[in-house]
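Worksheet: the structure to be examined is printed underneath.
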Amino acid sequence: MRGLTKAEGRTGNLRTSSPLFLPANPDSCFAELSFLSFLFSSCYWISDCCRRLRNGNKEELLAGGVLVVGVLFLASLECGRCPEARSVSMANLVWDSGDGFPFMNASTFESFLGLYFVIYHCFSGFLQRSVQWTGPIGPHGTNETEAEESASSCDAPVVIANGGFSGLFPGSSLDAFSFALIASSTDTISWCDVRLTKDSIAVCLPNLKLDNCTDIASIYPQGKKDYPVNGALTQGWFSVDYTMKDLEKVTLTQGIFSRTFRFDFNSYPILSVEQVQKQVDGSPLWLNVQNDIFYSQHNLSMRSYILSLSKSVIVNYISSPEVGFLRSIVAGFQKSKTKLVFRFLGEDITEPSTNQTYGTLLKNLTFIKTFATGILVPKHYIWPVTADLYLESQATSIVSDAHKEGLEIYAGDFVNDIVIPYNYSYDPLAECISFIDNGEFSVDGFLTDFPVTPSEAIGCFSHLNKSSLDHGKPVILSHNGASGDYPDCTDLAYSKAVTDGADIIDCPVQVTQDGVLICMSSINLMDYTNAAQSIFRSRISNIPELQSTPGIFTFNLTLEEIQKNLKPSISNPNPDVDFKIVRNPRYKTAGNFMTLSDFLSFAKDKALSGILINIENAAFLIEKVGISVIDDVISALNDTGYTKPSALEVTIQSSDSSVLVKMKQQTKYRLMYRIDDTIQDAAASSIADIKKFADSVAVNKESIYPDTSYFIVNETNLINSLQKAGLQVFVYVLRNEFPSQPVDFFTDPYVEINTYVQGASVDGIITDYPASARAYKRNSCRNLGNNMPNYMKPVQVGGLKQLMIAPAQPPVLSPMPILEDSDVVEPPLPSVSPVNPSTPTPPNQGNASAPANQPSNSSILSPVSSMMIISVLVIIGSLLFF
């Protein structure tokens, strides 16, 4: 849960103006007024410049510099030429009087002044997009809304909370409305779907069928009815069959089954519209009237209710997908500030009052303008999506078309806990940004179940300088490259990690049969390649020292065999069948494998602060395969110039302390110890041991914020213990997919990142999605201090749990262990010695030792190779003796 104090206001909606008025006529009676206006403007601009400088953005500094120099210069001219400016007309200021500058007369001064204002506005208009909402920049650098004479507002897009924070709480519940205003922008609009009861009381319910959003089926089990709704027979429980008194027994429930059910036990009552209006306490209110014709069929008048309500309650927005309803009330709101919005449903759905499809109505926005000030459309109307869930190559023109007609346009259907188009890499904030910061258009608002995400997008993440690259904290360390977008450790994954702004890219090294070091996320080729379906499936073996299940291991195949016969396979870390999460399916087998040498050469000239090489199974490879990975890694780094002072910083990572001990003895590289277990703290003795061989530690997420049943219950002391000892702490692995995050993070990867960075103070993050981490580091709200908006504050640990009644709270978390020195200390690595070749045992013949090898440059004999040699010997023997 976020902080309970409301932010003073949303960032991102700042605008400047030019109140200065200079009369063209020198003898104008407005001369004195113009001079006072000049002084006022100077003060205004200087204070505005201070704000720009305080924000620390480079573009703002440049515009601010132009502003300060110009204003101070002009002010000095003004003061120099007329010390009694209050009583003297600007037209009578004589420049050759000796009080001012003899080379500039009044006409020249006014020309210079006008030129300065043009220059200043060019700078501020072009450079201040990150703080000034004056419409999107068009493809040719023009302001699109101005170029098209748009009637839309220059204010920042609005956030509309669909039934409050309905992504978390039951929609339209007391806590949903309250939490939306606490956790999101302070001017978030509360959305209420209006339903009428049998006794004409208007209530807020997210669904026409009450059984989809309440427990009414258990309260009135005989109440199921069949009614025609817009021509389709619909079965369920409906508000028209119950009085408000009847509905007092009914409570709201979460209508989306994939979301948490635990808040349902809070027994939220159904709220009337008037109760919601009091609950939001003056915040903007949006009423959506979805089924006016249906209520009319039951002798209930939604029109009468809305018109009556508007006389006593301020309603900021009224929307409906029914043309007839909006046309029937438009006259009653002509002198009102209430905005009427026509809501588009699916293109092929027929609008009941005109008998035209919504797709047809979309082509006649001039008609819509006769009864509405804006339109609300599903987001795919703006960014169409292909059948395999990728964005079309271009957006439609609907936003600019609406603005040309003088209509505001709002986009709907924004939720964080569904699979969104793969172009967004499971990043819901990136999706929001594409609707307001794409270089061509901006919508006027978002309708969302998770209002925190568009609040972040609008207030902190839009119109940023995307070329800035800061290698400071938190350090962004890739996990197998950008493995959320491409198969692990491929050239595509590494290229995207660099493009996306990773500070450090990583290579987990494995060894091939011919002794080549290769970057692969697993020693088992069956994990992230198609080895199990390849011609090498006969090489499956059991090696209990490595894993409990059979596998085809990297040392079973030569580099050539891997590169020519295998394809990489993208990782899917959340194989939950309920969600069916897959990554970038068009590119699930794309990319090429990279050797360590390829990786080192690739990274050399990139905008990185360093590289990381992960070494695991070193003792096994020495004893069973006869290869010292440590020696080979050191040789590869030496051969590619990474020992030079100008080279990128090298970090060696391992969960085996003996690897890092040996590396510390032989090199000066930075060393990172990875703790695989989930722990709550580390004993002082174990930390002292780690300090002997490591500079930093990587810990998993749950070791910092343990969770039970997807709810955070507490924060451990681990980070504090490690950092007090002088160790940097990296957290792994942060992912964008919503099933990977506790409910407390609102299925928003930026809330998770922010909580680990601001709340836990980690030094770095290890992530499958470097682009999201880089966007976080660039956000304009990071240095706001006490002015930080609530949606950019770390979550309150255990805050959501406190909002549940006791029986609904998640189960108590089992005690987690403390890291002891016995968990850290490992025996020294053995020396490399020749190993006699042997053949691995197939999985149906019991366990066997690992396939052996000759010294490091020799080949490992696979089962097929052994059979070929035996066959050749048999043939030779036959020729010699028979």
Side-chain angles (χ1 to χ4, degrees), residues 1-15 51 54-55 130-133 153-169 172-192 204 276-287 313-317 337-339 408 410 414 416 428-429 432-433 436 442-463 746 748 750-751 754-755 758 779-796 799-800 803:
M1 181 178 175
R2 294 176 179 274
L4 298 180
T5 58
K6 290 187 178 181
E8 290 298 322
R10 174 191 294 156
T11 61
N13 58 355
L14 301 173
R15 295 154 54 191
R51 173 192 57 79
R54 187 169 61 251
N55 285 348
S130 62
V131 295
Q132 187 177 7
W133 280 95
S153 170
C154 290
D155 291 337
V158 297
V159 178
I160 310 155
N162 183 21
F165 210 126
S166 55
L168 186 59
F169 300 95
S172 300
S173 64
L174 188 68
D175 281 350
F177 285 120
S178 299
F179 199 80
L181 298 179
I182 292 172
S184 311
S185 303
T186 54
D187 53 356
T188 293
I189 300 168
S190 298
W191 167 286
C192 163
C204 295
V276 171
Q277 191 273 334
K278 291 180 181 179
Q279 177 66 26
V280 300
D281 191 25
S283 296
L285 181 64
W286 185 310
L287 301 183
V313 173
I314 297 176
V315 180
N316 304 84
Y317 300 83
K337 293 184 179 180
T338 300
K339 296 182 179 182
E408 293 181 334
Y410 307 90
F414 286 88
N416 293 3
L429 189 145
C432 290
I433 290 294
I436 59 174
S442 173
V443 298
D444 297 293
F446 298 92
L447 176 62
T448 174
D449 291 5
F450 294 85
V452 64
T453 302
S455 295
E456 295 167 331
I458 296 165
C460 303
F461 287 83
S462 60
H463 306 287
F746 315 136
D748 182 327
Y750 295 88
V751 176
N754 192 49
T755 301
Q758 298 245 10
N779 89 78
S780 59
C781 295
R782 286 188 63 197
N783 300 315
L784 291 181
N786 293 333
N787 295 320
M788 183 79 68
N790 282 354
Y791 51 80
M792 285 303 295
K793 293 178 181 178
V795 301
Q796 180 182 332
L800 291 184
L803 298 178

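When a residue number appears, it is its place in the shown sequence, counting from 1.
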Distance in Å, Ile458 CD1 paired with Asp155 CG, rounded so as to fall on 0.5 Å steps: 11.5 Å
Go through the steps to decide whether Val158 and Asp444 satisfy the test side-chain contact (heavy atoms from CB on, under 4.5 Å), and finish with yes or no. CA-CA 6 Å; Val158 297; Asp444 297 293; 6.0 Å; no
For side-chain contact (heavy atoms from CB on, under 4.5 Å), just list the numbers for Leu168 and Leu800, CA-CA rounded to whole Å, side-chain angles, deciding distance to a tenth of an Å, and then say yes or no. CA-CA 10 Å; Leu168 186 59; Leu800 291 184; 3.7 Å; yes
Which residues pass the side-chain hydrogen bond (donor to acceptor under 3.5 Å, both in side chains) test with Thr453, sequence neighbours left out? Asn416, Asp748
Report yes or no: does Asp449 contribute a side-chain atom to a donor-acceptor pair with the main-chain N or O of Ser166 at less than 3.5 Å? no
Pairwise distance CZ(Phe179) to CG(Leu174) - rounded to 0.5 angstrom: 13.5 Å
Looking at Thr448 and Phe414, would you say the former's side chain and the latter's main chain have a donor-acceptor pair under 3.5 Å? yes
Closest non-hydrogen atom pair, Gln758 against Met788: NE2-CE, 3.8 Å
For the CD1 atom of Ile433 and the NE2 atom of His463, what is their distance to the nearest 0.5 Å? 7.5 Å
Angle class for the Trp286/Tyr410 ring planes (parallel below 30°, perpendicular above 60°, tilted otherwise)? perpendicular
Within the 4.5 Å heavy-atom criterion, are Phe446 and Cys432 side-chain neighbours or not? yes
Gap separating the CD atom of Glu456 from the OH atom of Tyr791, nearest 0.5 angstrom: 8.5 Å
Spacing of Asn162 atom CG and Ser190 atom OG [to the nearest 0.5 Å]: 11.0 Å
Return the set of residues passing ring-ring contact (aromatic ring centres under 6.0 Å, His included) with Phe177 (not counting sequence neighbours), or none when no residue passes. none
Verify, without hydrogens or angle tests, whether Asn754 (side chain) and Met792 (backbone) share a donor-acceptor contact under 3.5 angstrom. yes
Between atom CG of Asn316 and atom CD1 of Ile160, what is the distance when rounded to the nearest 0.5 Å? 11.0 Å
Please tell me if the side chains of Phe165 and Ile182 come closer than 4.5 Å, counting only heavy atoms from C-beta onward. no
Determine yes or no for a side-chain-to-main-chain donor-acceptor pair under 3.5 angstrom, with Ser780 supplying the side chain and Cys460 the backbone. yes
Min side-chain heavy-atom separation Ile436-Pro454 under 4.5 Å: no
Which atom names give the shortest non-hydrogen contact between Ser455 and Ser184, and what distance separates them? OG-CB, 3.5 Å
Looking at residues at least two apart in the chain, or sitting in another chain, which of them share a side-chain hydrogen bond (donor to acceptor under 3.5 Å, both in side chains) with Gln277? none
Within the 4.5 Å heavy-atom criterion, are Asn779 and Tyr750 side-chain neighbours or not? no
For Ala183 and Val452, which heavy atoms make the closest approach, and how far apart are they? O-CG2, 3.7 Å
Heavy-atom pair with the smallest gap, counting every atom of Gly459 and Cys781: O-SG, 3.6 Å
